[in-house]
Amino acid sequence: MTSNPRTYDVRTYGCQMNVHDSERISGLMEDAGYVRAADADAADVVVFNTCAVRENADNRLYGNLGHLRPTKLKNPDMQIAVGGCLAQKDRGDIVKKAPWVDVVFGTHNIGSLPALLERARHNAAAEVEILESLEVFPSTLPTKRESTYAGWVSISVGCNNTCTFCIVPSLRGKEKDRRPGEILAEVEALTQQGVLEVTLLGQNVNSYGVEFGDRLAFGKLLRATGGVEGLERVRFTSPHPKDFTDDVIAAMAETPNVCPSLHMPLQSGSDAVLKAMRRSYRRDKYLGIIDKVRAAMPDAAITTDIIVGFPGETEADFVQTLEVVRAARFASAFTFQYSIRPGTPAATMADQVPKKVVQERYERLIAELEDITWAENKKQVGRTVEVLVAVGEGRKDERTGRMSGRARDGRLVHFATGDLTPRPGDIVETVVTYAAPHHLNADGAPVSHRRTRAGDAWEAGRAPKLAGVNLGLPTIGAPAPLPAATSACAAQ
């Protein structure tokens, strides 16, 4: 009689890149014979996929590892693995600080995880393997997708920028681009499985093509997605303002399935601070891009990242950030209080801004953004919006009887279902009746409901599971929900 397969649980921190990497980790584990644990607290293998961007990343990881120590002592056969950006940064120090950890692997060798787990079991000793460059392009690895209706597709990994606050390039390496044919093959495979929406991922998506010498490659890629039958929505994140060109704006506006939304990191509205950050653009260029996008797509929702309290930031610098925020009229923003990240040039800069000053400026920025995003959302009241129904977007949905999803511009919509029974993955048209700073409500009966193949897949309990698309055909697997990204990565 065969023994029960070992179970696993993946715990994800950080940006969308990490969430997608966790889908690959899940695919690798299942290809190696593991099954997802029904009870995460009782998993035979717990994998932490870490982030190193935020100041509290270290404390969070070691706190969570500490919580697992008693479980590990009671069950020595349990294994704990740590991967991701923090593992790439801290390397063998993780095992020194938490000697009950069995495996540490980096951002460049995700594919080694099953072998490292087996080696650690065989040798009864911790295995630490950190590579300095990419072993294989991650998209050649098996991937167990989070969703039946939306999927991440990496177009590149790594980054060639040298922003002084960012540790990501040293952890993810130089930019490596996939060939367009491989990307489109993955998009087509997902679409054939019922996926309606893909998000093209890269640390700097609009520098895509630099490795094979085509500076217009990203705009061409966006246009090519317009020919993928059954694909209804295309998003991308994150572009860098220094590389954002007019051909990309034209491709966005002229390709029907590219959504009218743009995440464009600002970081600061002060030219002096942008220079100190090595951001390679200035406020006028940034606002000029926003103006061009709005001229081509008047209803585009533009979101951003902003860092408050970068070393040397004066009150005048901060006021300039507020001015850009007012001019840009963002639909939402990820906001960060600057924190020292060892290994970055900014960590040793003079004129570190006192925490009290950073907090006060941060609160003023939040108040300004709340006023703007609320005013922008109020403009949506009375409009009919197309919503891709999602799983678990709204915490109050069960109590209110609403469901939730994203409009084409990316705004979160909580909607009443009336007499309809939409499924995650279906498309609903509904009229916005109320606006809050971070979401819209539609409390009338939906205008229409379209059942989709993605909804069929959700109802059947299936999520796409792809082999590396250049290695084999996709297969269907059981659904495997992963934690959502806690925030956008501030790396761009």
Side-chain angles (χ1 to χ4, degrees), residues 6-15 17-34 43-54 56-73 75-138 140-142 157-158 167-174 176 341-344:
R6 285 172 64 79
T7 61
Y8 75 94
D9 183 60
V10 182
R11 303 179 187 183
T12 311
Y13 308 102
C15 66
M17 297 290 286
N18 275 25
V19 173
H20 190 28
D21 282 348
S22 288
E23 292 182 326
R24 296 190 179 105
I25 291 170
S26 295
L28 284 161
M29 294 296 283
E30 301 214 352
D31 266 26
Y34 295 81
D44 295 314
V45 178
V46 175
V47 184
F48 290 93
N49 187 14
T50 63
C51 171
V53 171
R54 305 302 301 279
N56 65 357
D58 305 60
N59 294 337
R60 188 174 185 187
L61 171 65
Y62 292 111
N64 286 325
L65 290 175
H67 288 310
L68 279 182
R69 187 182 185 188
T71 306
K72 174 77 171 179
L73 291 173
N75 179 15
D77 288 336
M78 173 194 182
Q79 290 185 292
I80 301 170
V82 179
C85 289
L86 196 61
Q88 189 78 22
K89 178 174 77 73
D90 285 4
R91 303 173 180 243
D93 289 345
I94 292 174
V95 175
K96 292 177 184 176
K97 294 178 182 178
W100 55 96
V101 168
D102 299 276
V103 169
V104 178
F105 62 102
T107 58
H108 299 309
N109 62 318
I110 290 173
S112 301
L113 175 58
L116 292 171
L117 288 167
E118 188 60 32
R119 198 185 307 162
R121 290 181 70 193
H122 181 271
N123 296 336
E127 293 288 336
V128 178
E129 184 175 287
I130 306 291
L131 300 187
E132 297 302 328
S133 59
L134 202 61
E135 190 176 55
V136 296
F137 199 93
T140 65
L141 301 174
V157 295
I167 199 168
V168 168
S170 65
L171 303 180
R172 294 271 182 180
K174 291 291 187 181
K176 302 288 289 182
R341 302 308 294 144
T344 62

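- Thr12 places no side-chain N or O within donor-acceptor distance of the main-chain N or O of Ser22, the cut-off being under 3.5 Å.
- Legend: residues meeting salt bridge (Lys or Arg N to Asp or Glu O under 4.0 Å) with Asp90, ordered by chain and number and at least two apart, are absent.
- Note that the CG atom of Asn49 and the CD1 atom of Ile25 stand 4.0 Å from one another [nearest 0.5 Å].
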Pair up each side-chain donor or acceptor in residues 115-125 with any protein partner under 3.5 Å, not counting sequence neighbours, and list the distances.
residue	atom	partner	partner atom	Å
Arg119	NH1	Glu127	OE1	3.4
Asn123	ND2	Arg119	O	3.4
Asn123	ND2	Glu127	OE2	3.2

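- Ring-plane geometry between Tyr8 and Tyr34 is classed as perpendicular, the angle between the planes exceeding 60 degrees on a 0 to 90 degree scale with a lower cut at 30.
- Looking only at side-chain heavy atoms (C-beta outward), Phe48 and Leu65 come within less than 4.5 Å of each other.
- Considering all non-hydrogen atoms of both residues, Ile110 and Phe105 come closest at CA-CD1, 4.1 Å.
- Closest non-hydrogen pair, Leu28 versus Pro114, comes out as O-CG, 4.0 Å.
- Pairs passing the salt bridge (charged side-chain N to carboxylate O under 4.0 Å, His left out) check and including a residue from residues 62-72, sequence neighbours excluded, read Lys72-Asp102.
- Looking at residues two or more places apart in sequence or on another chain, you find a side chain to side chain contact (heavy atoms under 4.5 Å, CB included) between Ala87 and Val82, Ile94, Val104.
- The side chain to side chain contact (heavy atoms under 4.5 Å, CB included) test applied to Ala126 returns Val95, not counting sequence neighbours.
- Each of Leu73, Val46, Val101 was compared with Leu68 under the side-chain contact (heavy atoms from CB on, under 4.5 Å) criterion, and only Val46 meets it.
- A 4.5 Å side-chain heavy-atom check between Met29 and Val45 finds at least one atom pair inside the cut-off.
- To the nearest 0.5 angstrom, Lys97 atom NZ is 4.0 Å from Tyr62 atom OH.
- Contact record, Ile80 with Met78: CG1-CE, 4.0 Å, taken as the closest heavy-atom pair.
- For the residue pair Ser112 and Glu129, the shortest heavy atom distance occurs at OG-OE2, 3.1 Å.
- With sequence neighbours excluded, the residues that form a side chain to side chain contact (heavy atoms under 4.5 Å, CB included) with Asp44 are Arg6, Thr7.
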Item to check | Verdict with reasoning, Asn64 to Arg11, per side-chain contact (heavy atoms from CB on, under 4.5 Å) | outcome: CA-CA 10 Å; Asn64 286 325; Arg11 303 179 187 183; over 6 Å; no
